[in-house]
Amino acid sequence: MELDKHYNPQNVEDKWYKHWMEKGYFQSVPDDREPFTIVIPPPNVTGVLHMGHMLNNTIQDVLIRKARMEGKNACWVPGTDHASIATEAKVVKMLAEQGVKKTDIGREAFLNHAWEWKEKYGGIILEQLKKLGASVDWNRTRFTMEEDLSNAVTDVFIQMFKDGLIYRGTRMVNWDPVGKTTLSDEEVIFKENNSQLFFVTYPFSESTMKALGVNEGGLTVATTRPETIMGDVAICVHPDDERYKHLVGKTIIVPVVNREVPVIADDYIDMEFGTGCLKVTPAHDENDYRIGEKYKLEAIDVLTEDGKIHERAGVYVGLDRFACRKQIVKDLEQLGLLQKTEQIKNTVGHSERTDAVIEKRISTQWFVNMQEFMKRYPKVLDAVMTDEIKFHPPKFKNVYKHWMENIKDWNISRQLWWGHRIPAWYDESGNFVVAKDADEALTIYKQQYPDKSVQTLSQDEDVLDTWFSSWLWPISVFDGFKDKNNADYKYYYPTNDLVTGPDIIFFWVARMIMAGYAFNGEKPFSNVYFTGIIRDKLRRKMSKSLGNSPDPLDLIAKFGADGVRMGILLSSPAGNDILYDESQVEQGRNFCNKIWNAYRLIAGWQVIESPISEGDKLAGKWFNMKFRQAVDDVHAAFADYRLNEALMTIYKLIWDDFCSSYLEMVKPPFGEPVSRETLDEVKHHFDQVLKLLHPFMPFISEELHTALYEGNPEKALIVTEFPKANVPYETINEQALSIITEIRNMRNSKGLSPKHEFDMVLRTADSSIYVQWESIIRKLANVVNISYNADKPEKCLNALIGKDELFVPYAEQIDEAEEQKKIEEELIYLKGFLKSVDAKLTNEKFMANAKPDVIEKEKQKKADAEEKIRKLMMN
RNA sequence: GGGAGCUUAGCUCAGCUGGUUCAGAGCAUCUGCCUUACAAGCAGAGGGUCACUGGUUCGAACCCAGUAGCUCCCA
């Protein structure tokens, strides 16, 4: 069969994925083997695959495939996340395009649309994972809003409420005016902003003027948010501030609304900032809220849920908050109350999902009491600090610790419909009970409020934060809440590795650890591999608006899944951002091609039934040594989750040692056959290398593994054995191989063709280390006659091979002076080296302090250098 | 404002508890080759004051202090 000159992934990848599926290799059921479990970070159900997913899932697939080949019962659980805000936003947008508003159609109809949407688009991202080669157990696909997982959420909520870990309270929360929902602190992204700082004068009240005996005047405050002036209830200054001391206790007038408010003093105030006067707006700022509580001030919320001015403000009603800012500044100017405007840099919170500017708002919501939680489950922090749960790279331990030690209550209610509805039921006066369903709620209610005669309660309209279900994921995918004693859960949990981005360390990783210890008393996983964030060449994050994010499926179509996997992995040590560049996936594709052609080479060999030659035998042993060393390196790299280094080791093993060296050593001259024994050995080595490669590049390795055995391999590669570490091997002295490089170099420097034949003379104390390599040296260095310890030829090129001398007779265009110069340079180098070594050896302090083995090494270096110098001097 | 981390070749990064003249890898670059496996290739080569300044040490890319620049997290 004619084989294509270039590897063609299209002919290979889908075929093998289908085959693996049909054979059920991805499926896992509990048995007596050791389990190896990974739960996928569930992508948003309506999402599409992006580069981050590619990196993340490739790493998981590498870990899973390796474990599977090591004889473990590998189980990779796939699934999707309902992603409350993101999905609801998409459905709202879709309905808007049809001219439908969610409030018009009501909750039930809206949810029908959402489920329809989910059915239609929910599977896309999982299908895309197949293209990548992800060996997930599709029978185990879960969805965070399916019945069992929803029940788990409800049960956990109820339990935590009973345990006093969940409470309903009125707090200042983050409000997203576009999504019209609250957000947790983690969902607020702070961005640096160029803002204007407005200096606004609040005039003295009549009584103040009277008391001061003046006819005019006022206090000037600096604010970036003049549109909240209508909510001002006080002016606050520092008690020690000499400028304002006399005004404390007096009143001033809030501009525009002409409300008379007090001037108060509190040492919270920073005298240096602005004018040293703070306008107190308890409804719209966290710090003002605290001051408001302390001094029992009213909180006037002047904004509506969509960020417009509320009727309560009295003026500008209905105007958008930013439009209002402009308008009020204009009006203040006209009133002569705007003193000046300064440009400042500050940070402004934005919604992670909608990017809207966040408003602080006082609202009644559900919270998890985190301080209390951490008090009860100290293991959540300890496990990470003591490496019971290992972070890779470990630098994220600090980040984790810092967050844990400063943890705030978690706002878990969201004003959305798509999600897990909060299992709380209310009567008309706001009394509520928490229960599994309406019936149970009523029963409990009657017990709790026996004197009330309510027959119907209404359920909380809000749903829970998406992460309130995600944090249960490693437990709930194995139905650990439904039945603590089920076989899957007992077998697979705790899971082994979690692979995710550092951006969700708080959202998800930390909370899964909390859930693990709180609901089960056990860690959810043993290792967390934090990937980097994929950026473009210029270190910009990949984003739709920049258009710098390639479509992963296009890349796979162009370069093959193996090529893309390799390209992404090669440059991504754990925790480092990866700078994506198409040349990397090109490198991956080229590597596939290289391997493909290695196969083409041996597939074309004619075979003869003759015994293996000594040279081929030696080449085989030599390659085996290289292979074993590489395998050990690969295992060591895996142990530290240095996957990129493991892959690089394999890359070099295949390209340099297998292709460039081993195959060249045993390759028969054109048209000549190869011995059966040699071919078998080459095939064996090739197959070993493919096994090592398989977790990284599953498709091409499986294809060639099969091809090597003429379509009848004993086993599919995916379930063969991954090469083991620490297998003993015969050590081969390979010093002779540097002769090849030296001679090729000589030829190159003289501009000679590789076809130009050379003879060579070696001066050595031990010719045996060279003799066995002769046939290979002849072949690869194109040398004809080899002699040992003969006289130095009249005219020759020379080089040092270790401590031995190599002469290559060559009469033409030889420049004696140049050759001499080369030797001189070598001598200068060696003498310098010797001097530095001598300096150490004659230094008493060195001899006194250095470890014996270091001294021994230095002595050896001295002896070697002296011998080399002696030889060079003789010429 | 608080915290963490980074700075090594043109680029991306290794360099473990100081000890081969220790300065490495891949890619890129340069030179010569279309040598019947592969030009998506082959054979070679050249690139670095290890951010800067001091200190500790027989010895520092590595340890310590300071300076500068960058990144991330938190408020």
Side-chain angles (χ1 to χ4, degrees), chain A residues 3-7 185-186 188 190 270 286-287 347 349 393 395-403 405-406 408 502-503 505-506 532-533 537 539 559 563 567 570-573 575-581 583-584 586-605 636-637 640 642 644-645 647-649 651-652 655 659-660 663-664 667 670-671 740-755 780-782 829-830 832-837 839-851 853-855 857-858 860-862 864-865:
Chain A
L3 292 173
D4 252 335
K5 215 164 130 174
H6 288 159
Y7 172 63
D185 292 342
E186 287 70 33
V188 178
F190 285 91
D270 175 5
E286 186 115 46
N287 299 313
T347 47
K395 67 177 176 184
F396 288 108
K397 282 163 76 172
N398 284 330
V399 181
Y400 182 83
K401 183 172 177 223
H402 188 256
W403 186 73
E405 287 174 345
N406 296 283
K408 302 260 168 60
D503 48 334
I505 181 170
F506 308 133
I533 292 168
K537 247 173 150 175
R539 282 195 189 273
F559 299 100
L570 208 46
S571 52
S572 60
N576 274 31
D577 284 357
I578 98 158
L579 271 47
Y580 173 79
D581 181 31
S583 68
Q584 290 158 345
E586 263 176 41
Q587 195 184 348
R589 177 203 56 186
N590 294 354
F591 185 42
C592 287
N593 200 44
K594 183 73 188 176
I595 302 168
W596 173 251
N597 275 290
Y599 172 72
R600 265 183 80 210
L601 173 67
I602 65 173
W605 283 347
D640 298 338
R642 287 174 288 128
N644 60 319
E645 286 180 37
L647 179 56
M648 180 51 74
T649 301
Y651 176 76
K652 285 193 279 194
W655 201 300
C659 294
S660 297
L663 288 182
E664 293 298 331
K667 181 168 140 184
F670 182 64
I740 296 167
T741 304
E742 287 295 347
I743 292 183
R744 282 171 172 172
N745 198 0
M746 288 170 184
R747 225 179 249 118
N748 241 331
S749 66
K750 295 294 163 199
L752 297 172
S753 150
K755 287 175 182 157
L780 299 192
N782 196 15
Y829 169 87
L830 283 169
F833 176 58
L834 186 60
K835 205 174 153 194
S836 80
V837 176
K840 283 184 200 174
L841 290 171
T842 54
N843 182 329
E844 278 172 32
K845 283 184 173 169
F846 173 78
M847 298 304 282
N849 295 321
K851 286 179 237 152
D853 60 314
V854 172
I855 294 176
K857 269 188 203 163
E858 292 299 319
Q860 188 59 45
K861 271 155 57 178
K862 179 180 158 84
D864 287 355

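Note that the structure is predicted; figures quoted are calculated from it, not measured. FYI, side chains are in, hydrogens and waters are out, and symmetry mates aren't considered; it's all heavy atoms of this structure. In what follows, chains are A, B, ... by sequence order, proteins preceding strands, each numbered from 1.
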Please enumerate all protein N or O atoms sitting under 3.5 Å from an N or O of nucleotides 58-64 of chain B, with distances to 0.1 Å.
residue: rC58(B); atom: O2'; partner: Asn843(A); partner atom: ND2; Å: 2.9

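- Within the 4.0 angstrom heavy-atom criterion, only backbone atoms of the sugar-phosphate kind lie near Ser660(A); the bases stay farther away.
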Under the rule of Watson-Crick or G-U wobble with both distances under 3.5 Å, where | means paired to another strand and [ ] a crossing pair, RNA chain B maps to (((((((..((((.....[....)))).(((((.......))))).....(((((..]....)))))))))))).
Dump every N/O contact between nucleotides 26-36 of chain B and the protein below 3.5 Å, one line per pair.
residue: rG26(B); atom: O2'; partner: Gln587(A); partner atom: NE2; Å: 3.0
residue: rC27(B); atom: OP1; partner: Tyr651(A); partner atom: OH; Å: 3.2

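- With distances taken from any side-chain atom of Asn593(A) to the nucleotides rU21(B), rG5(B), rC38(B), the minimum falls on rC38(B).
- Among rC74(B), rC73(B), rC38(B), the nucleotide with an atom closest to any side-chain atom of Asn597(A) is rC38(B).
- Listed by chain and residue number, Asp387(A) satisfy the salt bridge (Lys or Arg N to Asp or Glu O under 4.0 Å) test with Lys397(A) (two or more places apart in sequence, or in another chain).
- Nucleotides rC70(B) and rU12(B) place their P atoms 16 Å apart, quoted to the nearest Å.
- With distances taken from any side-chain atom of Val854(A) to the nucleotides rA37(B), rU20(B), rG19(B), the minimum falls on rG19(B).
- Across all strands shown, Arg744(A) has heavy atoms under 4.0 Å from sugar-phosphate atoms exclusively, and none from any base.
- Residues meeting the ring-ring contact (aromatic ring centres under 6.0 Å, His included) test with Tyr7(A), sequence neighbours left out: Trp596(A).
- The salt bridge (Lys or Arg N to Asp or Glu O under 4.0 Å) search around Asp864(A) returns Lys803(A), not counting sequence neighbours.
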Start with the C-alpha distance between Ile743(A) and Arg747(A), add both sets of side-chain angles, then the distance that settles side chain to side chain contact (heavy atoms under 4.5 Å, CB included), and finish with yes or no. CA-CA 6 Å; Ile743(A) 292 183; Arg747(A) 225 179 249 118; 3.9 Å; yes
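- The phosphate of rG44(B) (OP1 or OP2) has a side-chain N or O of Thr741(A) nearer than 4.0 angstrom.
- Nucleotide rU12(B) holds its P atom 11 Å from the CD atom of Gln584(A), rounded to whole Å.
- Looking at Val399(A) and His402(A), their side chains never come closer than 4.5 Å, going by heavy atoms from C-beta outward.
- Taking every side-chain heavy atom of Val837(A) into account, rU21(B) is the closest of rG44(B), rA40(B), rU21(B).
- Residues satisfying the salt bridge (Lys or Arg N to Asp or Glu O under 4.0 Å) criterion with Asp581(A), sequence neighbours excluded, are Lys537(A).
- In this structure Glu858(A) satisfies the salt bridge (Lys or Arg N to Asp or Glu O under 4.0 Å) test together with Lys840(A), Lys861(A), sequence neighbours excluded.
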Name each donor-acceptor pair under 3.5 Å that joins a side chain in residues 843-851 of chain A to protein atoms two or more places apart or in another chain, with its distance.
residue: Asn843(A); atom: OD1; partner: Lys845(A); partner atom: N; Å: 2.8
residue: Asn843(A); atom: OD1; partner: Phe846(A); partner atom: N; Å: 3.2
residue: Asn849(A); atom: ND2; partner: Lys845(A); partner atom: O; Å: 3.0

For nucleotides 13-18 of chain B, which of its nitrogen or oxygen atoms have a protein nitrogen or oxygen under 3.5 Å away, and what is each distance?
residue: rC13(B); atom: OP2; partner: Arg539(A); partner atom: NH2; Å: 3.0

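- Across all strands, Cys592(A) comes closer than 4.0 Å to no nucleic acid atom at all (heavy-atom distances).
- For Tyr580(A), there are no ring-ring contact (aromatic ring centres under 6.0 Å, His included) partners, not counting sequence neighbours.
- Distances were taken from every side-chain heavy atom of Lys594(A) (C-beta onward) to each of rA40(B), rA4(B), rA37(B); the shortest belongs to rA37(B).
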For a side chain to side chain contact (heavy atoms under 4.5 Å, CB included) check, start with the C-alpha distance between Trp403(A) and Ile505(A), then their side-chain angles and the critical distance, and finish with the verdict. CA-CA 10 Å; Trp403(A) 186 73; Ile505(A) 181 170; over 6 Å; no
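- Here the P atom of nucleotide rA4(B) and the CD1 atom of Ile505(A) are 15 Å apart, to the nearest Å.
- Nearest to the side chain of His6(A), among rU20(B), rA40(B), rC42(B), sits rA40(B).
- With C1' as the reference atom, rU57(B) and rC64(B) are 12 Å apart, rounded to whole Å.
- Rounded to whole Å, the distance from CG on Asp864(A) to P on rU21(B) is 12 Å.
- If you take atom P in rC73(B) and the same atom in rG47(B), they sit 41 Å apart, rounded to whole Å.
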Pull out every protein N or O sitting under 3.5 Å from an N or O of nucleotides 47-51 of chain B, one pair per line with the distance.
none

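- OP1 or OP2 of rC42(B) sits under 4.0 Å from a side-chain N or O of Trp655(A).
- Residue Asn745(A) is in sugar-phosphate contact alone, with no base atom involved, counting any heavy-atom pair closer than 4.0 Å across all strands shown.
- rG66(B): glycosidic angle beyond 90° from 0, hence anti.
- Here Lys395(A) does not reach the OP1 or OP2 of rC6(B): none of its side-chain N or O atoms lies under 4.0 Å away.
- Atom C1' of rC27(B) sits at a distance of 25 Å from the matching atom of rU49(B), rounded to the whole Å.
- Residue Glu405(A) is classed as having no contact, given no heavy-atom separation below 4.0 Å to the nucleic acid.
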